[in-house]
Every structure is written in C-alpha cells, then in structure tokens.
Enquirer: 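Pasting in a structure now, in structure tokens, and then I'll have a few things to ask.
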Amino acid sequence: MRGLGMAGIAALCLFTLAAGCVPPPRVAGQPEPAAGAERASGIDPLFLPPSPDTIPGDLRGEAIRLGYLMVVDTRAYGKPYVGNALTCTNCHLDAGLNPNTASFVGISRLYPEYRARAGRKMSLTDRINECVERSMNGKALPPDSTKLAAIVAYIDWLSKNVPSGSTVPWRGIPRITPARPPDPSLGKNVYAKKCVFCHGTEGQGTMAAPPVWGPRSYTIGADMARVGIAASFIKANMPRGWGWTVTDDEAFDAAAYINSQPRPDFPGKVNDWPKGEKPADAPY
Ligand code: HEC
Ligand code: HEC
C-alpha cells in the first residue's frame with residue numbers, strides 16, 4: 001500500500017502529540033477503503049523516507065523537529081505568517097510523507113529550479129514562501145527566519161535517501177485529465193453528496209475538515225485554485241480516507257464547483273507567468 005497506513009499516522013501522532021494530528025475520520029455507513037484503492041502503480045523503490053520518529057536528538061534534529069511541527073501545525077507554530085484556517089499538511093498530506101500528494105520526500109534534489117509562474121529560478125525557500133502567501137493567504141517568512149530554515153531542514157531530511165540527480169518520480173499529484181469540460185453545477189451535487197459532511201454547507205470547514213472556499217480558504221493564486229490540480233488532489237485523496245473512489249468526472253466537477261466559489265484574492269497575481277506558459281486552467 002502506498003502512503004502511510006493508519007499505523008504510520010498513529011506513529012506520527014505519538015511522536016509529536018501535536019494538535020490537529022488526527023487520523024482521517026470515517027463516515028458512518030461508508031465501507032473501508034478497498035485494498036488497491038490507492039494508486040495502483042505500486043511503491044516506487046526510491047520512496048524510502050525516514051520516519052519522523054527517527055529524527056536525531058542533536059541540534060540538527062531540533063531544527064528538523066521544528067520543521068515537522070511547522071508542517072503539521074502551521075497555524076500554531078507559524079502563527080504570524082498564516083492568514084487562513086489551513087496548515088501545510090491539509091494539502092501535503094501526512095506531513096509531506098504521502099507519495100500521492102505533493103510529497104516533500106526528495107524535492108530538495110530538484111531546487112533551485114526555473115518556475116514559469118515566477119519567470120525565474122527559485123530556491124526551495126522561495127517555493128515554500130509561495131505556498132505560505134498563496135495557499136495560506138499569509139506573509140512570507142523572512143529569509144533569515146529560523147522557522148523557514150526549519151521547514152527546509154525537515155524537507156532535506158525527508159529527502160536524504162533520494163540520490164542526487166533523481167527526477168523524484170512521485171513528485172506532485174498524479175494528474176488526471178478531463179473527458180469533457182468540468183461542470184460546476186454537476187459539481188454542486190457531488191459536493192452535497194460526498195463532501196459537505198466534512199467541509200460544511202458553506203465550504204467553511206468543520207471540526208472534521210478545513211475550509212474549501214470562503215475567507216478562510218486558499219487564495220485565487222494558490223496551486224489548488226487551478227481546477228486540474230484540485231481535481232487530481234480530490235481524485236487521489238477525497239473523501240479523506242477513500243482516495244480513488246470518486247470518478248474522474250466527479251473529481252473535476254467538484255473541483256470546478258469549489259473553485260467557482262468566493263475566496264481571497266491574490267493581488268500578486270498580476271506578476272504571474274511574465275514570460276508566458278500560463279496553464280489552461282489558471283483562474284486569471
Ligand atoms: C471524511 C471527511 C471528508 C470528506 C467527506 C471530504 N474531505 Fe476533503 N478533506 C478532509 C480532511 C480531513 C482534509 C485535510 C487533510 C489532512 O489534514 O490530513 C481535507 C482536505 C481537502 C482539501 C485540501 C485542503 C483545503 O481545505 O483546501 C480539499 C480541496 C478537499 N478536501 C476537497 C474535498 C472534496 C471536493 C470532497 C468531496 C469529493 C471532500 N474533500 C470530501 C476531509 C474530508
Ligand atoms: C491549499 C493547499 C496547500 C497548502 C495549505 C500548502 N500547499 Fe504547498 N503546494 C500545494 C500544491 C497543490 C502544490 C503543487 C503541487 C503540484 O504542482 O503538483 C504545492 C507545492 C509545494 C511545494 C513544491 C513541491 C515540489 O514538488 O516542488 C512546496 C515546497 C510546498 N508546496 C510547501 C508548502 C509548505 C511548507 C506549506 C505550509 C507552510 C504548504 N506548502 C501549504 C498545496 C498547498
């Protein structure tokens with residue numbers, strides 16, 4: 001099975017006792033996920049991240065541990081920088097250890113990297129701050145911030161078993177492609193049937209799940225605000241605990257619905273894709 005099973009998630013929770021570290025809730029009446037419901041292609045042999053309960057006890061380990069806490073409870077540990085109700089691990093599931101969901105494992109090997117949206121080469125710290133500003137509607141951490149360095153230390157540590165030069169085959173979210181144009185009005189029904197229970201009637205979130213639209217959600221400049229990315233995330237992971245159970249059409253329609261709802265603007269969007277290459281699903 002790919003990703004952390006319940007045992008792995010429980011181990012993470014034991015390790016940190018961090019607030020918000022809860023195993024995915026189960027909806028009454030829904031079946032257990034079928035074996036093989038996760039990504040069918042099997043575990044990539046290079047996906048060998050160390051477990052957070054083996055973080056070393058020295059000074060470097062302290063930084064790694066702080067980085068881990070920033071990722072699993074960004075709102076508490078990175079409070080002044082976060083402008084919404086989200087935490088990194090809400091999207092980078094299982095603290096970045098889930099190979100289907102923009103995993104952090106191995107990505108230290110890929111930076112610095114040219115990024116078309118910025119039109120320049122970016123370091124890993126630049127990329128983290130992009131998510132802080134766009135996905136968390138927050139303020140970039142200063143370049144000399146210990147907390148920013150800690151997130152990098154955590155990602156570096158998760159990447160330590162991945163050889164340099166690796167293309168990190170599990171990078172990102174496994175993309176699905178639409179068979180027809182996504183339809184937000186059909187997505188409204190999918191949302192009512194399969195999402196509202198956890199994410200709330202106004203997309204505002206509940207005790208069980210974070211917001212998916214509204215003032216406390218990700219901004220229009222976030223990667224998740226692109227329908228193709230949100231659909232792929234939903235297909236692989238939603239409802240939480242039942243990845244790969246919705247159809248591709250349902251994933252696209254639900255993504256189109258939530259991304260057609262109001263959410264915070266991102267004024268910096270005027271500077272995006274300065275040299276072209278804007279993807280077709282960019283919302284602006
Ligand atoms: C069983 C409860 C549950 C259901 C049902 C559910 N989700 Fe989620 N969803 C979650 C949880 C919990 C998270 C955060 C995951 C984490 O922190 O590990 C999440 C995260 C998300 C996120 C990314 C974080 C955010 O809030 O923006 C999106 C987008 C999302 N869900 C969309 C959907 C859609 C669309 C559906 C219906 C197809 C759905 N979810 C059904 C529990 C659920
Ligand atoms: C609303 C969801 C969301 C939240 C919250 C979020 N991210 Fe992201 N992040 C994404 C998505 C989506 C991508 C792009 C994935 C893709 O292109 O396949 C991404 C990409 C990244 C990347 C680049 C990954 C790569 O393969 O190069 C890094 C690093 C990153 N995020 C760090 C963070 C950190 C650290 C936090 C918390 C401070 C955070 N993100 C919060 C959704 C989110």
Side-chain angles (χ1 to χ4, degrees), residues 9 20-27 30 67 70-72 74-75 77-78 81-82 84-96 98 100-111 113 115 117 122-138 141 147-148 150-152 154-155 168 170-175 187 190-199 203-214 216-219 222-226 228-235 237-242 245-246 250-251 253-259 263 279:
I9 292 164
C21 192
V22 284
R26 303 237 166 263
V27 179
Q30 291 250 16
M70 282 290 290
V71 166
V72 295
T74 327
R75 288 202 299 143
Y77 289 86
Y81 303 104
V82 179
N84 64 16
L86 297 178
T87 277
C88 312
T89 194
N90 290 155
C91 301
H92 299 276
L93 299 180
D94 307 324
N98 185 315
N100 296 315
T101 318
S103 173
F104 293 149
V105 176
I107 65 163
S108 297
R109 302 284 171 263
L110 304 168
Y111 289 86
E113 177 182 68
R115 302 247 316 140
R117 186 172 64 190
M122 287 198 137
S123 64
L124 181 55
T125 54
D126 293 336
R127 185 65 184 94
I128 292 167
N129 268 332
E130 276 198 325
C131 258
V132 172
E133 294 181 309
R134 294 160 183 265
S135 301
M136 322 224 14
N137 197 16
L141 290 106
K147 293 185 169 177
L148 183 56
I151 300 176
V152 173
Y154 174 61
I155 295 177
V168 188
W170 56 84
R171 184 183 199 181
I173 305 169
R175 296 291 163 91
V190 177
Y191 187 84
K193 262 206 306 223
K194 302 197 170 174
C195 321
V196 73
F197 176 83
C198 293
H199 289 288
Q204 77 281 12
T206 65
M207 292 293 282
V212 284
W213 74 79
R216 301 184 333 129
S217 180
Y218 51 87
T219 76
D223 297 275
M224 197 66 90
R226 286 175 48 194
I229 294 187
S232 304
F233 174 89
I234 292 163
K235 173 79 185 185
N237 302 298
M238 292 295 138
R240 184 76 170 116
W242 293 278
T245 58
V246 299
E250 286 175 322
D253 293 342
Y257 175 64
I258 65 175
N259 281 346
R263 63 182 59 261

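The model shown is predicted, which means the values in this text are computed figures rather than measured ones. Note that ligands are numbered from 1 as they come in the structure, with each ligand's atoms numbered from 1 the same way. Just so you know, these numbers use all the heavy atoms, side chains as well, and skip hydrogens, waters and symmetry mates.
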Enquirer: Using a strict 4.0 Å cut-off to heavy atoms of C91, name the atoms of ligand 2 that fall inside it.
Expert: 1 (C), 2 (C), 3 (C), 4 (C), 5 (C), 42 (C), 43 (C)
Enquirer: Is ligand 1 under 4.0 Å from a heavy atom in the side chain of P211, in the backbone, in both, or in neither?
Expert: backbone
Enquirer: Within the structure, is a non-hydrogen atom of F197 found at a distance of less than 4.0 Å from ligand 1?
Expert: no
Enquirer: Check each atom of ligand 2 against the heavy atoms of L86 and keep those under 4.0 Å away; list them by number with element.
Expert: 1 (C)
Enquirer: Within 2.8 Å of atom 8 (Fe) of ligand 2, is there any N, O or S atom belonging to H92?
Expert: yes
Enquirer: Considering only heavy atoms, which of V190, T89, I234, T87 lies nearest to atom 35 (C) of ligand 1?
Expert: I234
Enquirer: Classify the contact between E130 and ligand 2 as side chain, backbone, both or neither, using a heavy-atom distance cut-off of under 4.0 Å.
Expert: neither
Enquirer: Once the angle between the rings of Y257 and W213 is folded into 0 to 90°, is it parallel (under 30°), tilted (30 to 60°) or perpendicular (over 60°)?
Expert: perpendicular
Enquirer: Given R115, R171, M70, R175, which has its nearest heavy atom closest to atom 17 (O) of ligand 2?
Expert: R175
Enquirer: Heavy atom to atom 38 (C) of ligand 1, shortest distance: which of G203, C198, A209, C195 holds it?
Expert: C195
Enquirer: Number the atoms of ligand 2 from 1 as they appear, then name those within less than 4.0 Å of a heavy atom of V132, with their elements.
Expert: 38 (C)
Enquirer: Should you measure from each heavy atom of I229, which atoms of ligand 2 turn up under 4.0 Å away?
Expert: 12 (C)
Enquirer: Which atoms from ligand 2 have a heavy atom of I128 less than 4.0 Å away?
Expert: 35 (C)
Enquirer: So, is W242 polar-close to ligand 1, with some N/O to N/O distance under 3.5 Å?
Expert: no
Enquirer: Which of the atoms in ligand 2, numbered in the order shown and given with their element, are less than 4.0 Å from a heavy-atom of G172?
Expert: 18 (O)
Enquirer: Using non-hydrogen atoms of the residue, decide whether D94 is closer than 4.0 angstrom to ligand 1.
Expert: no
Enquirer: Just to be sure I read this right, does ligand 2 sit under 4.0 Å from the backbone of F104, its side chain, both, or neither, counting only heavy atoms?
Expert: side chain
